[in-house]
There are 2 protein chains.
Amino acid sequence: MDKKDKILEVAREVFQKKGKSGARMQEIADKAGVNKALLHYYFTNKEGLFKEVFTEMIRKTLLPLKINLLSGEDLEVKIKKFVAGYIDIMKENPNMVSFILGELRMNKIPIDPPEDIKESLNVLRVQLRDDDRFKTIDPFQIMSMIIGSCIFPFIGRPMLTRLGLEDEQTYEQFLEDRKEILPDIILDGIRNR
Amino acid sequence: MDKKDKILEVAREVFQKKGKSGARMQEIADKAGVNKALLHYYFTNKEGLFKEVFTEMIRKTLLPLKINLLSGEDLEVKIKKFVAGYIDIMKENPNMVSFILGELRMNKIPIDPPEDIKESLNVLRVQLRDDDRFKTIDPFQIMSMIIGSCIFPFIGRPMLTRLGLEDEQTYEQFLEDRKEILPDIILDGIRNR
DNA sequence: GTCTATAATGGGATAGAC
DNA sequence: GTCTATCCCATTATAGAC
């Protein structure tokens with residue numbers, strides 16, 4: 001593999017684990033099997049390396065939000081697909097969300113206003129209003145519920161572990177179950193009766 | 001105010017905003033209006049100061065989980081109270097949860113096994129099983145849903161802001177609404193029909 | 001207890017050879 | 001492009017006066 005890519009790969013991992021200020025250029029260099037100076041050659045400085053990694057991650061986290069939510073698909077199908085898809089994405093990178101949200105809290109990082117996500121919230125609003133199988137509810141509330149519930153098993157894993165979801169096996173099963181249970185509860189929760 | 005307490009108060013704030021490795025002893029000293037050396041006098045080193053702040057926060061965040069959830073109160077009442085109470089706690093310290101979860105991810109911090117929270121999960125399990133108004137569902141799934149949904153407006157605030165919940169007023173209203181909407185959806189979601 | 005002054009070092013950055 | 005060697009500043013930590 002290209003050394004530049006190797007550096008990026010390792011940087012992703014180290015930044016995620018230690019945070020921007022906790023990460024060490026030396027550690028990244030070592031784990032990538034290159035010299036520290038090479039990081040500066042490619043990315044100028046720590047800030048540059050961080051930005052590269054970070055924006056890439058934002059893309060990875062927000063993209064699925066867009067593609068799924070922009071569709072005009074039936075609400076039930078949409079939510080089911082979204083939950084399953086989002087959980088799968090995070091399984092690949094369990095620390096990503098915690099990392100992103102943490103850095104957004106610590107540094108004022110400007111990210112481009114996600115116009116299409118705004119749009120998808122509108123689609124959702126209309127769907128909730130017009131589909132009389134469901135109650136008319138603020139889409140922000142629903143979104144926060146869905147996303148919050150999807151990410152908690154990852155950002156709160158240390159907690160869950162201590163509370164009993166200890167072995168990998170059980171945890172994995174928990175996530176798979178969640179893909180079904182979560183949409184079921186939420187959909188039943190907003191259904192008119 | 002006692003200088004030691006003042007240091008702790010400021011440290012809490014700075015650690016929360018910048019994270020453990022991003023925080024600067026100098027900044028804490030300045031904002032507390034004392035000399036840097038005094039921090040070492042009281043807390044030996046940065047690690048010591050951090051630990052003091054951190055464990056205090058864990059106590060603050062987990063305590064309400066205990067008192068609310070340990071009660072054998074009716075499920076509906078319990079969940080309503082919990083949501084309202086938890087949101088209120090976090091309003092006082094909006095960055096606390098993000099901070100705690102972030103540090104737990106970055107450093108392997110040993111926190112004492114929360115036996116009583118485990119116990120409360122068991123109470124919940126029994127309640128769900130025996131109360132035939134509700135479906136029998138894994139309490140981990142429900143807990144993760146409730147907590148995830150409660151904390152998302154805080155840890156994900158940068159996102160929500162960009163998506164439209166911009167001014168303080170709207171955000172505040174969103175939180176107040178949430179105290180009602182969240183329990184309603186969740187309870188309806190797990191109700192037998 | 002609280003400060004001033006200073007030591008010690010970690011860690012980001014760069015010059016320059018190859 | 002990649003490395004060695006070195007610089008230098010920011011930051012933690014301590015010695016010692018008051």
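Everything quoted here is computed from the prediction, not taken from an experiment. In what follows, every chain begins at residue 1, and chains take the letters A, B, ... in the order their sequences are listed. Scope of the values below: all heavy atoms of this structure, side chains included, with no hydrogens, waters or symmetry mates.
The separation between B:Lys46 atom NZ and D:dA13 atom P is 8 Å, rounded to whole Å. Separating the CD1 atom of B:Ile28 from the P atom of D:dA13 is a distance of 11 Å, rounded to the nearest angstrom. As rounded to whole Å, 9 Å separates atom C1' of D:dT12 from atom CG of B:Asn45. Atom CG in A:Asp30 sits about 12 Å away from atom C1' in C:dG11, given to the nearest Å. When the P atom of C:dG11 is taken as reference, atom CE of A:Met25 falls 13 Å away, rounded to whole Å. Residue A:Asp5 contributes atom CG, which lies 15 Å from atom C1' of D:dG1 at whole-angstrom precision. When rounded to the nearest whole Å, the span between OH of A:Tyr42 and C1' of D:dT2 equals 8 Å. The interatomic distance linking A:Lys3 (NZ) with D:dT2 (P) rounds to 5 Å, in whole Å.
Counting non-hydrogen atoms under 4.0 angstrom, A:Ala23 reaches the backbone sugars and phosphates but no base. Counting non-hydrogen atoms under 4.0 angstrom, B:Asn35 reaches a base of the nucleic acid.
For B:Arg24, a side-chain nitrogen or oxygen approaches OP1 or OP2 of D:dT12 to under 4.0 Å. Listed pair B:Tyr41 / C:dC3 fails the phosphate criterion, with no side-chain N or O lying under 4.0 Å from OP1 or OP2.
For C:dG11, its base never sits under 3.5 Å from the side chain of A:Lys36 at any donor and acceptor pair.
A salt bridge links A:Asp88 with A:Lys179; the closest basic N to acidic carboxylate O contact falls under 4.0 Å.
Side chain to side chain, B:Arg105 and A:Ser98 meet the donor-acceptor criterion of an N or O pair below 3.5 Å. Defined by atom type and a distance below 3.5 Å, a donor-acceptor pair is missing between the side-chain atoms of A:Asp131 and A:Gln127.
Closest to the A:Val34 side chain, of the nucleotides C:dC3, D:dC3, D:dG1, is D:dC3.
Other residues, nucleotides and ligands contribute only 12 or fewer heavy atoms inside 6.0 Å of the NZ atom of B:Lys51.
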